[in-house]
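When reading the values below, keep in mind they use all heavy atoms of this one structure, side chains included, and skip hydrogens, waters and symmetry mates. Sequence positions, counted from 1, serve as the residue numbers for this chain.
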Amino acid sequence: MTPPDYEYLRKLLKDQSGLDLSADKQYLIESRLLPLARKCGLSGIGDLVQKMKGGSASIVTLVVEAMTTNETFFFRDKIPFDHFREMIVPEIVKARAGRKSVRIWCAAGSTGQEPYSLAMCLKEMGAVLNGFRVEILATDLSQEVIEKSKAGIYSQFEVQRGLPIQMLVKYFTQSGDTWQIAPDLRAMVQYRPLNLLSDLAHLGTFDLVFCRNVLIYFDQETKTGVLNRIGRQLEPDGYLVLGAAETVVGLTDAFKPVADKRGLYAPNKDKLKPASAVTSFAAVRPFAVAGAR
């Protein structure tokens with residue numbers, strides 16, 4: 001890979017996905033894009049670059065998806081899910097007693113383990129949510145991982161990463177070497193392709209946003225923009241959950257940390273601009289939590 005090709009790819013990835021690669025990441029691009037070039041019948045990364053310069057939108061999409069990190073697993077990091085069960089859901093349910101509905105957004109849903117982990121938590125909390133309608137939206141830049149998420153099919157290795165055995169038995173069906181999450185759990189989550197660099201107003205407002213382990217790949221300006229856009233879509237008494245290595249400190253005053261709750265943030269009401277009106281997701285029927293399975 002020539003230096004000009006690398007600089008072209010760095011700029012393209014930054015513009016298209018927010019991914020900020022340092023000058024010494026050639027090996028990362030080569031390891032991910034050489035297999036893609038061969039799959040496309042091309043001799044190397046230089047040919048990929050020429051195709052993109054020639055206006056091939058399909059190659060651009062494939063390159064961005066190949067460079068997107070999709071590392072995830074069920075109940076990743078545990079602490080956010082403890083906060084979810086013990087504090088966030090009970091507080092939101094109390095605050096939403098009048099409208100009897102809750103909206104949750106997984107802003108970097110990847111291959112589905114995070115939104116399905118939340119769905120399993122909600123199933124287990126059925127009595128708390130009795131009579132409530134809950135909408136879960138999971139978005140990701142990659143159409144490929146969205147399709148995997150919708151199918152809800154995972155390898156033995158994937159279900160062994162973070163998933164308690166009792167939940168595996170309760171909510172999954174084995175088929176050969178794979179496991180598929182139950183249809184009612186799959187129905188609890190709607191998946192949609194979304195670039196976090198784009199406008200988010202069409203999503204409506206949410207009571208809770210999980211945006212974990214994606215900001216770490218952005219530069220400071222991009223992080224600030226994403227956080228401010230998310231802030232405008234969060235209810236004034238809602239919550240934002242970030243990854244363990246992420247923070248809003250020094251990036252935006254739209255949020256403030258929740259005391260003694262690592263990774264949990266609340267909107268700074270005095271700093272937020274008005275959000276768009278609450279809307280439901282198009283062409284999706286919110287599920288009603290009637291009790292634990």
Side-chain angles (χ1 to χ4, degrees), residues 68-94 102-129 134-140 145 148-149 152-172 179-182 184-186 188-189 191 206-217 223 226-227 230 234 238-249 255-266 289 292-293:
T68 303
T69 300
N70 291 304
E71 168 66 13
T72 187
F73 49 90
F74 290 101
F75 296 97
R76 183 178 183 179
D77 298 334
K78 187 180 180 296
I79 288 177
F81 297 96
D82 290 341
H83 294 339
F84 181 73
R85 284 183 292 249
E86 296 167 8
M87 189 196 90
I88 297 172
V89 171
E91 287 198 4
I92 290 177
V93 166
K94 183 178 179 180
V102 178
R103 303 189 76 223
I104 300 169
W105 175 27
C106 292
S110 189
T111 46
Q113 285 93 325
E114 178 178 89
Y116 286 139
S117 294
L118 294 175
M120 284 184 274
C121 287
L122 291 169
K123 276 288 188 180
E124 297 294 307
M125 299 176 70
V128 174
L129 286 154
V134 183
E135 298 175 77
I136 303 176
L137 173 67
T139 63
D140 198 273
V145 301
K148 176 177 171 62
S149 301
I153 298 173
Y154 300 96
S155 67
Q156 186 70 40
F157 173 73
E158 288 172 317
V159 298
Q160 287 176 335
R161 299 187 72 195
L163 184 65
I165 185 64
Q166 65 269 26
M167 287 196 172
L168 176 62
V169 172
K170 188 174 184 179
Y171 294 118
F172 289 76
W179 294 80
Q180 185 171 34
I181 197 162
D184 59 334
L185 268 292
R186 297 202 304 275
M188 289 168 67
V189 185
Y191 291 93
F206 297 90
D207 302 295
L208 172 65
V209 176
F210 268 61
C211 184
R212 301 195 302 150
N213 306 305
V214 63
L215 295 180
I216 54 176
Y217 299 105
K223 290 177 185 178
V226 170
L227 286 168
I230 290 174
L234 193 61
Y239 290 103
L240 169 68
V241 181
L242 298 182
E246 298 166 327
T247 183
V248 303
V249 178
F255 296 95
K256 55 188 177 184
V258 176
D260 301 321
K261 302 292 182 183
R262 177 171 64 83
L264 187 60
Y265 300 87
V289 181
R293 176 177 170 175

**Q.** Shortest non-hydrogen contact from Pro80 toward Val241
**A.** CB-CG1, 3.9 Å
**Q.** Heavy-atom donor-acceptor pair, Tyr116 side chain to Ser149 backbone, under 3.5 Å
**A.** yes
N/O donor to acceptor pairs below 3.5 angstrom from side-chain atoms of residues 160-167, sequence neighbours left out:
| from | atom 1 | to | atom 2 | distance (Å) |
| --- | --- | --- | --- | --- |
| Arg161 | NH1 | Glu71 | OE2 | 3.2 |
| Arg161 | NH2 | Glu71 | OE2 | 2.8 |

Q: Can you sort out the partners of Thr72 under side chain to side chain donor-acceptor pair (under 3.5 Å), two or more places apart, ordered by chain and number?
A: none
(Q) For the CZ atom of Phe81 and the OG atom of Ser117, what is their distance to the nearest 0.5 Å? (A) 4.5 Å
Q. Roughly how far, to the nearest 0.5 Å, is the CZ atom of Phe206 from the CG atom of Leu234?
A. 9.5 Å
Q) Is there a side-chain contact between Trp179 and Glu158 (heavy atoms, below 4.5 Å)? A) no
Q: Could you pull out all residues at least two apart from Asp77 that satisfy side chain to side chain donor-acceptor pair (under 3.5 Å)?
A: none
Q: Evaluate the side-chain proximity of Leu227 to Leu240: yes if any heavy-atom separation is below 4.5 Å, no if none is.
A: yes
Q. With Val209, which of Leu137, Ile230, Ile104 fulfils side chain to side chain contact (heavy atoms under 4.5 Å, CB included)?
A. Ile230
Q: Can you measure from CG (Leu242) to CZ (Phe210) and round to the nearest 0.5 angstrom?
A: 10.5 Å
Q. Are any of the side-chain heavy atoms of Met188 and Val134 separated by less than 4.5 Å?
A. no
Q) Residues in side chain to side chain donor-acceptor pair (under 3.5 Å) with Tyr154, at least two apart? A) none
Q | Sub-4.5 Å side-chain heavy-atom contact between Val89 and Met125 | A | yes
Q. With a 4.5 Å limit on heavy-atom distance, are the side chains of Leu208 and Val102 in contact?
A. no
Q. Does some side-chain heavy atom of Phe84 sit less than 4.5 Å from a side-chain heavy atom of Leu122?
A. yes
Q. Do the side chain of Lys223 and the main chain of Ile216 share a donor and acceptor less than 3.5 angstrom apart?
A. no
Q | Heavy-atom side-chain contact between Val189 and Arg186 under 4.5 Å | A | no
(Q) I need the Asp82 CG to Met87 CE distance, nearest 0.5 Å. (A) 12.0 Å
Q.
Applying side chain to side chain donor-acceptor pair (under 3.5 Å), can you list everything that pairs with Thr111, at least two apart in sequence or on another chain?
A. Gln113
Q) Counting distance only, does the side-chain N/O of Asp207 pair as donor-acceptor with the main-chain N or O of Gly238 below 3.5 Å? A) no
Q | For Ala107 against Thr139, the heavy-atom pair lying closest together | A | O-OG1, 3.2 Å
Q.
Counting the benzene-type ring for Trp, do Tyr171 and Phe74 have ring centres under 6.0 Å apart?
A. no
Q: Identify, with sequence neighbours excluded, every residue that meets side-chain contact (heavy atoms from CB on, under 4.5 Å) alongside Ala108.
A: Val214
Q. Taking atom OH of Tyr191 and atom CG of Asp140, what is their separation to the nearest 0.5 Å?
A. 10.0 Å
**Q.** Nearest-0.5 Å distance, NZ of residue Lys256 to CG of residue Leu264
**A.** 12.0 Å
